[in-house]
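Just so we're on the same page: letters track the sequence lines, and every chain starts at 1.
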There are 2 protein chains.
Amino acid sequence: MARSSTALHGQLLDSALRLFAQHGFRGTSLQTIASDAGCSKASLLYHFSSKEAILTELLTPVGREAAELDARLTDLDGTDAAVTAVTGFVDVALRFRRELKVLFDTLPESRPMAVSGIEGIDDRLVDALAGRSPDPRQRVAAYMALGGMFVTSAADLHVNEELLREEMIRSALRTLGRGSD
Amino acid sequence: MARSSTALHGQLLDSALRLFAQHGFRGTSLQTIASDAGCSKASLLYHFSSKEAILTELLTPVGREAAELDARLTDLDGTDAAVTAVTGFVDVALRFRRELKVLFDTLPESRPMAVSGIEGIDDRLVDALAGRSPDPRQRVAAYMALGGMFVTSAADLHVNEELLREEMIRSALRTLGRGSD
DNA sequence: GTGATCCCTGTCCGATCGGTCAGAACCGAC
DNA sequence: GTCGGTTCTGACCGATCGGACAGGGATCAC
């Protein structure tokens, strides 16, 4: 027995991500994760100090990328801000589909933020998507686009990945009234 | 004590809906609901045979309306189907904002369907939103529109209700490439 | 009065949860 | 060999979960 430490660690993260995405954070027990990864619950808690710690480690990468996108958006406005926000979000969302699903499932509970640096990022994203416009109609459209990208990336449409990416971006821009057509 | 039976029953439904929407189904215990409604857990279980029964009673109305919309869509296609699906969905979604949030939170877990008559309604909605087109791009756009409407209705934007409704419909139609502009 | 019925509750139950802990099993270094 | 450190586990713990159940009051008909 005794895999090379990091091996089981990664295996546990894999199992946890899949199970969290499928049954939610609350709906997945430590025992289930451990069994899926082929070890004991006690072994899981040797690698991770708590259930929350697993979540944090899972969501840290997407948190980092989100923060980067956030930073890129700060000094943009108008169409530039909207287009950058759309393409940036779609890219991140499609790269972290299951993570985003877990994040979405976890957000409503105002738990002590498992992933740092993304507090209020949703408001800033909506602001950028709206092209910094204070028009409430633009804000609603921005929310529609954001929600659409979120849900669509989390769902698994049986569609070619590149086509999905392109059409998500085109759709979102149409939603915002900034479509080229 | 001893309220008129139906009074406590309704009070419990109120509390449950609010708490389910706020903390999720799993994240809300029977004790919490009972305390919020000002009675004992045993009393709650006198009015409802189980936790699942509360969920069913909460989601039945929105299930009925969804089924009606579903029926109205069957013999429509093209722009008619898309427009009817958008306006119908927005109307239902805004009338049952918290219920929809609970439904969304509850869906991922493949629990024995608490609300009947809506199996596979999402696929049929996407089909209608896509105007019955088999084009995968239209299907992606349909999913974007559906997700946008879903999330936007569940979120609470501080926006005038009628403006919200109008702009959600306009945004969704733009997403589908059927905007008037 | 005395039942019968309805509403409500205190108390208990088994299951499951996240988490702890002492120690077994394995490892390379010596 | 054996020693020290790392990896892993069975057994256990307190808390909380959804739910069962017997009985206490209140209200009615008679």
Counterpart residues, side chain to side chain contact (heavy atoms under 4.5 Å, CB included), relative to A/S35 (two or more places apart): A/Q31
May I ask you to evaluate whether A/Y46 reaches the phosphate of D/dC8, defined as a side-chain N or O under 4.0 Å from OP1 or OP2? no
Nucleotides 16-20 of chain C: which of its N/O atoms have a protein N/O under 3.5 Å away?
from   : atom 1 : to    : atom 2 : distance (Å)
C/dG18 : OP1    : A/K51 : NZ     : 2.7
C/dG18 : OP2    : A/L30 : N      : 3.0
C/dG18 : N7     : A/K41 : NZ     : 3.2
C/dG19 : OP2    : A/K51 : N      : 2.8
C/dG19 : N7     : A/K41 : NZ     : 3.3
C/dG19 : O6     : A/K41 : NZ     : 2.7

Provide the full list of salt bridge (charged side-chain N to carboxylate O under 4.0 Å, His left out) pairs with a residue in residues 38-51 of chain B, sequence neighbours left out, each pair given once. none
Can you list everything that forms a side chain to side chain contact (heavy atoms under 4.5 Å, CB included) with B/R72? Sequence neighbours excluded, please. B/L69, B/T84
Integer-rounded Å distance: D/dT6 P and A/H9 NE2: 16 Å
Return no unless some side-chain N or O of B/S40 is found under 4.0 Å from OP1 or OP2 of C/dC8. no
With sequence neighbours excluded, tell me which residues meet salt bridge (charged side-chain N to carboxylate O under 4.0 Å, His left out) with A/D80. none
Please state whether the phosphate of D/dC8, meaning OP1 or OP2, lies under 4.0 angstrom from any side-chain nitrogen or oxygen of A/H47. yes
Any side-chain donor paired with an acceptor under 3.5 Å for B/R97 and B/S153? no
Counterpart residues, salt bridge (charged side-chain N to carboxylate O under 4.0 Å, His left out), relative to B/E167 (two or more places apart): A/R137, B/R170, B/R174
How many Å lie between CG on B/L44 and C1' on D/dA20, as a whole number? 14 Å
